[in-house]
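Right, one structure below, let's go through it.
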Amino acid sequence: MQFNGNSDGQDLVALTDDLLNSNILAYPLQSKARAANKWARQIWSWIFDAYGGWLYDDSNQTGTPIATQALTASTQDYAIPTGSLTIRGIEILPNTTTTVFQRLIPITEEQLTSKMISEGSFFTTPGVPIYYRPIGQKIRLYPIPSTTVASGLRVTFDRGSVAFASTATTQTPGFA
């Protein structure tokens, strides 16, 4: 079902007007878009919470929720992909001769401190990364990579729903 603009009134704006016995003057399009976005986020949240191993992605999103970038020798921190809400996993190509990605193990600051390990002393010698830790808008790898591999870092992530603009005419909700 489209947000607005269906010629026979089979859209969310017309449905809202019918349910509320309203019109665009009494309930402006911007307010309807705001309400539709609020409920789309709520429904997305229910879908996300249901999980079951399913990687849900709004059908209005473009591309896939998988990003790759260069794995660079002596670089420990990498940007989290734009628009990501949660990180599902990090994988690396350990060297330039393989095409098989290796999954990294997530680690938290609490896990380090519970073992009385400071972050500054955790895997200080460069090598093939084994662990990762999200910190703010970046991903930190342990140990620091010792090799540069083009497209050698792959991040799988969740992203949110795509909001309706009040001027949208053909956009549909991103879920069935």
**Request:** Drop me the distance from Gln102's CD to Glu91's CD, to the nearest 0.5 angstrom.
**Result:** 10.0 Å

**Request:** State plainly whether one hydrophobic cluster holds both Val149 and Phe101, where clusters connect Ile, Leu, Val, Met, Phe, Trp and Tyr through side-chain heavy atoms under 4.5 angstrom apart.
**Result:** yes

**Asked** Would you call the rings of Phe3 and Phe164 parallel, tilted or perpendicular if under 30° counts as parallel and over 60° as perpendicular?
**Response** parallel

**Prompt:** With distance as the sole test, does Gln111 use its side chain to make a donor-acceptor pair with the main-chain N or O of Thr108 at under 3.5 Å?
**Reply:** yes

**Message:** Has Asn95 got a side-chain atom pairing as donor or acceptor with Thr98's backbone, closer than 3.5 angstrom?
**Reply:** yes

**Item:** side chain to side chain contact (heavy atoms under 4.5 Å, CB included) between Thr148 and Leu71, worked out
**Value:** CA-CA 5 Å; Thr148 296; Leu71 182 68; over 6 Å; no

**Complete:** d(Lys32 NZ, Leu20 CG) to nearest 0.5 Å is 8.0 Å

**Prompt:** Heavy atoms, side chains only, cut-off 4.5 Å: are Val155 and Ile87 in contact?
**Reply:** yes

**Backbone of Asn4 reached by a side-chain donor or acceptor of Gln171 within 3.5 Å** = no

**Message:** So, taking the atom named CD1 in Ile47 and the one named CD in Gln42, what distance separates them when rounded to the nearest 0.5 Å?
**Reply:** 10.5 Å

**Message:** Using 0.5 Å steps for rounding, measure from the OG atom of Ser161 to the CD1 atom of Ile43.
**Reply:** 9.5 Å

**Message:** So, taking the atom named CD1 in Ile92 and the one named CD1 in Ile130, what distance separates them when rounded to the nearest 0.5 Å?
**Reply:** 9.0 Å

**Asked** Can you find a pair of side-chain heavy atoms, one from Ile139 and one from Ile90, that are under 4.5 Å apart?
**Response** yes

**Asked** Does any non-hydrogen side-chain atom of Arg154 lie less than 4.5 Å from one of Ile66?
**Response** yes

**Item:** Under 3.5 Å: donor-acceptor pair, side chain of Asp58, backbone of Val162
**Value:** yes

**Asked** Between Pro126 and Pro143, is any pair of side-chain heavy atoms under 4.5 Å apart?
**Response** no

**Prompt:** Any cation-pi pair here, Arg88 with Phe157, using under 6.0 Å and within 45°?
**Reply:** no

**For Leu19, the option from Leu15, Thr16, Asp17 that meets side-chain contact (heavy atoms from CB on, under 4.5 Å)** = Leu15

**Request:** Please list all pairs passing the side-chain hydrogen bond (donor to acceptor under 3.5 Å, both in side chains) test where one or both residues lie in residues 65-75, with sequence neighbours left out.
**Result:** none

**side chain to side chain donor-acceptor pair (under 3.5 Å) partner of Asp77, the single match among Gln137, Arg133, Arg140** = Arg140

**Message:** How close do Gly9 and Ala14 get, counting heavy atoms only, and between which atoms?
**Reply:** O-CB, 3.1 Å

**Prompt:** Has the side chain of Ser31 got a donor or acceptor atom that lies under 3.5 Å from a matching backbone atom of Tyr27?
**Reply:** no

**Message:** Has Ser84 got a side-chain atom pairing as donor or acceptor with Thr86's backbone, closer than 3.5 angstrom?
**Reply:** no

**Asked** Do the side chain of Ser121 and the main chain of Ser118 share a donor and acceptor less than 3.5 angstrom apart?
**Response** yes

**Prompt:** Is the closest side-chain heavy-atom distance between Tyr78 and Tyr132 below 4.5 Å?
**Reply:** no

**Request:** Apply the test side chain to side chain contact (heavy atoms under 4.5 Å, CB included) to residues Leu85 and Trp44: give CA-CA distance (whole Å), side-chain angles for both, the deciding distance (0.1 Å), then the verdict.
**Result:** CA-CA 12 Å; Leu85 296 178; Trp44 181 90; 3.5 Å; yes

**Prompt:** Can you hop from Leu12 to Leu25 via hydrophobic side chains spaced under 4.5 Å?
**Reply:** yes

**Prompt:** Taking atom CD of Gln76 and atom NZ of Lys138, what is their separation to the nearest 0.5 Å?
**Reply:** 8.5 Å

**Asked** Shared ILVMFWY cluster between Ile80 and Ile135, side chains joined below 4.5 angstrom?
**Response** no

**Prompt:** Does CG in Asn21 sit with more than 12 non-hydrogen atoms of other residues, nucleotides or ligands closer than 6.0 Å?
**Reply:** no

**Request:** Please determine, by modelled atom types, if Glu119 and Tyr142 share a side-chain donor-acceptor pair under 3.5 angstrom.
**Result:** yes

**Asked** If only atom types and distance count, is the side chain of Ser45 paired as donor or acceptor with the main-chain N or O of Arg41 below 3.5 Å?
**Response** no

**Asked** Same hydrophobic cluster for Phe122 and Ile144, using side-chain heavy-atom links shorter than 4.5 Å among ILVMFWY?
**Response** no

**Request:** Would you name the heavy atoms of Ala33 and Ser166 that are closest together and state the gap between them?
**Result:** CB-CA, 3.8 Å

